[in-house]
S.K.: 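Provided herewith is a single structure, encoded as structure tokens, for subsequent inquiry.
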Amino acid sequence: MTATVIKPKPFRLQRSDLAVPATSERFFLKAAQGGADAVFLDLEDAVAPALKPTAREAAIRALNEIDWGDKLMSVRVNSLDTEWAHRDILEVASRCPRLDLILLPKTGTPFDVQFVDQLLTGIEREHKRDKRIGIQVLIETTLGLAHAEQIAASSERLEAMVFGVGDYSIDLRSFDRVFGAANPDYAMLTDPDETGARLRHWNDQWHFALARIANACRAYGLRPIDGPFTNYGDPDGYLASARRGTALGFEGKWAIHPTQVELANQVFTPSPEQVAWAGDLARTIAEADAEGRGAIGQKGVLLDRAHEKLANTILRRAAAADAHAAAHSATAVAS
């Protein structure tokens with residue numbers, strides 16, 4: 001039986017997660033100096049099979065030799081059904097003190113996470129590692145989505161789940177060629193109006209997957225992160241995709257190109273209006289507490305403890321975003 005109270009996971013800012021192929025060493029320093037909250041060095045889909053060992057060594061050098069500041073650093077290892085996965089995890093985890101998270105692709109069952117958890121436990125014991133390595137998983141197969149809740153509950157190391165729309169759409173056989181964008185075929189016609197005209201009502205074919213992942217994450221204290229929007233020449237499309245994510249409770253989104261980083265940061269940072277509302281509410285609730293009132297009315301809206309929790313979440317994220325911006329500015333001045 002699962003406990004009602006879930007142990008909280010570390011608070012991390014992950015509004016933007018920049019993908020950097022481990023074979024593209026010329027991009028490492030730019031990624032370190034850029035504005036992304038998080039960076040993952042990719043050993044999987046962005047690397048040709050013949051270059052896998054070379055890419056692994058490049059990622060290890062990058063983590064050890066480059067100043068990544070306060071960024072959340074991950075390595076996307078190869079999936080567990082490949083010949084490279086085991087060595088990826090062992091080498092990166094044992095040789096990189098700076099590593100924060102292992103990003104595990106194509107996670108299909110709780111066992112996948114538990115296997116990696118046990119590997120990391122052995123590595124940490126062997127190397128007397130003080131800093132615990134977390135795990136984030138990619139839900140990018142139909143099997144993974146079918147086990148989303150069990151995966152979310154599978155390990156205390158697990159911190160985040162990412163929706164990998166590309167591989168998921170391939171596994172689902174939806175045949176989308178631009179991953180993350182809307183599909184005009186996923187639409188219905190309205191009934192004819194008085195003139196006989198019919199309108200096309202577009203739907204979001206990824207709503208089920210996104211909503212299930214977001215709910216599984218919140219049930220078990222994880223961060224839900226949306227995956228790629230591959231048409232990096234369409235900033236408006238990216239913004240719309242990211243805003244849909246915020247409406248469903250997601251905390252961040254991948255950036256597969258540096259131009260998408262600032263867009264993600266913009267969308268997943270509480271707006272000035274939200275921060276002002278949260279600050280006003282916190283003060284109003286404090287005044288109500290002093291007067292012995294548990295709930296209050298404000299402009300015709302009932303405000304209670306649920307709103308206080310929302311306000312605290314907004315203020316915490318805003319403070320973290322401000323701290324990240326200040327650190328990034330200081331780094332830019334120093335360089």
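All values below come from the heavy atoms of this structure, side chains included, with hydrogens, waters and symmetry mates left out. Counting begins at 1 with the first residue of the sequence. This is a predicted model, so every value here is computed, not measured.
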S.K.: So do W206 and S169 actually touch side chain to side chain, heavy atoms under 4.5 Å?
M.R.: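 The answer is yes, as the side chains (C-beta and beyond) meet within the 4.5 Å cut-off.
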S.K.: Under a 3.5 Å distance rule, please check whether R200 uses its side chain to pair with a backbone N or O of P184 as donor and acceptor.
M.R.: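 Side chain of R200 to backbone of P184, a donor-acceptor pair under 3.5 Å: yes, one is there.
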S.K.: List the residues meeting salt bridge (Lys or Arg N to Asp or Glu O under 4.0 Å) with D117, not counting sequence neighbours, and say none if there are none.
M.R.: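 Counting only residues at least two positions away or on another chain, D117 forms a salt bridge (Lys or Arg N to Asp or Glu O under 4.0 Å) with R157.
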S.K.: Would you check if the side chain of R218 reaches a backbone N or O of G249 as a donor-acceptor pair within less than 3.5 Å?
M.R.: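 Flag set: sc R218 to bb G249 pair under 3.5 Å.
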S.K.: Can you tell me which residue among D88, N78, T82, T23 is in a side-chain hydrogen bond (donor to acceptor under 3.5 Å, both in side chains) with K52?
M.R.: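 Among D88, N78, T82, T23, the one that satisfies the side-chain hydrogen bond (donor to acceptor under 3.5 Å, both in side chains) with K52 is N78.
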S.K.: Please report the C-alpha distance between R317 and E251 in whole Å, then the side-chain angles of each, then the deciding distance to 0.1 Å, and finally whether the side chain to side chain contact (heavy atoms under 4.5 Å, CB included) criterion is met.
M.R.: CA-CA 10 Å; R317 287 193 193 177; E251 291 192 22; 3.3 Å; yes
S.K.: Please report the closest heavy-atom contact between L41 and A59, naming both atoms and the distance.
M.R.: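 Shortest heavy-atom separation between L41 and A59 comes out as CD1-O, 3.8 Å.
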S.K.: Please identify which of these residues, T269, V39, L263, N265, meets the side chain to side chain contact (heavy atoms under 4.5 Å, CB included) condition with S16.
M.R.: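 Of all the options given, the one that passes is N265.
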S.K.: Can you name the residues that form a side chain to side chain contact (heavy atoms under 4.5 Å, CB included) with F175, not counting sequence neighbours?
M.R.: R173
S.K.: L101: which other cluster members, linking ILVMFWY side chains closer than 4.5 Å, directly or transitively?
M.R.: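 The other cluster members (ILVMFWY side chains, heavy atoms under 4.5 Å, direct or chained) are L72.
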S.K.: Can you list everything that forms a salt bridge (Lys or Arg N to Asp or Glu O under 4.0 Å) with R132? Sequence neighbours excluded, please.
M.R.: none
S.K.: Between I139 and V162, is a side chain to side chain contact (heavy atoms under 4.5 Å, CB included) present by the stated rule, with each step listed?
M.R.: CA-CA 6 Å; I139 302 299; V162 183; over 6 Å; no
S.K.: Could you check if a side-chain atom of L239 sits within less than 4.5 angstrom of a side-chain atom of Q266, using non-hydrogen atoms only?
M.R.: yes
S.K.: Taking the side chain as C-beta and beyond, is there a heavy-atom pair between L80 and L104 under 4.5 Å?
M.R.: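 Heavy-atom side-chain distance check passes, below 4.5 Å.
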S.K.: Check this for me: does any side-chain nitrogen of one of R244 and D226 sit under 4.0 Å from a carboxylate oxygen of the other?
M.R.: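 Answer for the salt bridge query: yes.
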S.K.: Pairs in or reaching into residues 227-252: which pass ring-ring contact (aromatic ring centres under 6.0 Å, His included), with residues at least two apart or in two chains?
M.R.: Y232-H257
S.K.: Does the pair D171 and T142 meet the rule for a side-chain hydrogen bond (donor to acceptor under 3.5 Å, both in side chains), with working shown?
M.R.: CA-CA 6 Å; D171 200 25; T142 51; 2.9 Å; yes
S.K.: Looking only at atom types and distance, does a side-chain atom of D100 sit under 3.5 Å from a main-chain N or O of S74, one as donor and one as acceptor?
M.R.: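 No; zero donor-acceptor contacts below 3.5 Å.
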S.K.: Go through the steps to decide whether M188 and N203 satisfy the test side chain to side chain contact (heavy atoms under 4.5 Å, CB included), and finish with yes or no.
M.R.: CA-CA 8 Å; M188 298 292 287; N203 293 284; 4.1 Å; yes
S.K.: Kindly indicate, with the supporting measurements, whether the criterion side-chain hydrogen bond (donor to acceptor under 3.5 Å, both in side chains) is fulfilled by Q205 and D176.
M.R.: CA-CA 11 Å; Q205 73 268 35; D176 285 354; 3.2 Å; yes
S.K.: Return yes when atom CG of D130 has more than 12 non-hydrogen atoms of other residues, nucleotides or ligands closer than 6.0 Å, and no otherwise.
M.R.: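 Open.
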S.K.: Between the side chains of E159 and K9, is the shortest nitrogen-to-carboxylate-oxygen separation below 4.0 Å, so that they form an ion pair?
M.R.: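 Answer for the salt bridge query: no.
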S.K.: Given F163 and E140, is the side chain to side chain contact (heavy atoms under 4.5 Å, CB included) satisfied, shown in steps?
M.R.: CA-CA 6 Å; F163 177 46; E140 53 183 342; over 6 Å; no
S.K.: Do R61 and E65 sit within salt-bridge range, that is, some charged N less than 4.0 Å from a carboxylate O?
M.R.: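 Not counted as a salt bridge, because no side-chain N and carboxylate O are separated by less than 4.0 Å.
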S.K.: Please determine if E262 and R15 form a salt bridge, counting it only when a charged side-chain N lies under 4.0 Å from a carboxylate O.
M.R.: no
S.K.: Of all residues at least two apart in sequence or in a different chain, which pass the ring-ring contact (aromatic ring centres under 6.0 Å, His included) check with H86?
M.R.: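 Listed in chain order: nothing, the list is empty.
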S.K.: How about NE2 on H207, more than 12 heavy atoms from neighbouring residues, nucleotides or ligands closer than 6.0 Å, or not?
M.R.: no
S.K.: So that I can tick it off, tell me whether D37 and K71 are bridged by a salt bridge, with the cut-off set at under 4.0 angstrom between side-chain N and carboxylate O.
M.R.: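 No, no charged N to carboxylate O under 4.0 Å.
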S.K.: Looking at E124 and K131, does any basic side-chain N land under 4.0 Å from a carboxylate oxygen?
M.R.: no
S.K.: Taking atom CG of L199 and atom OG1 of T190, what is their separation to the nearest 0.5 Å?
M.R.: 4.0 Å
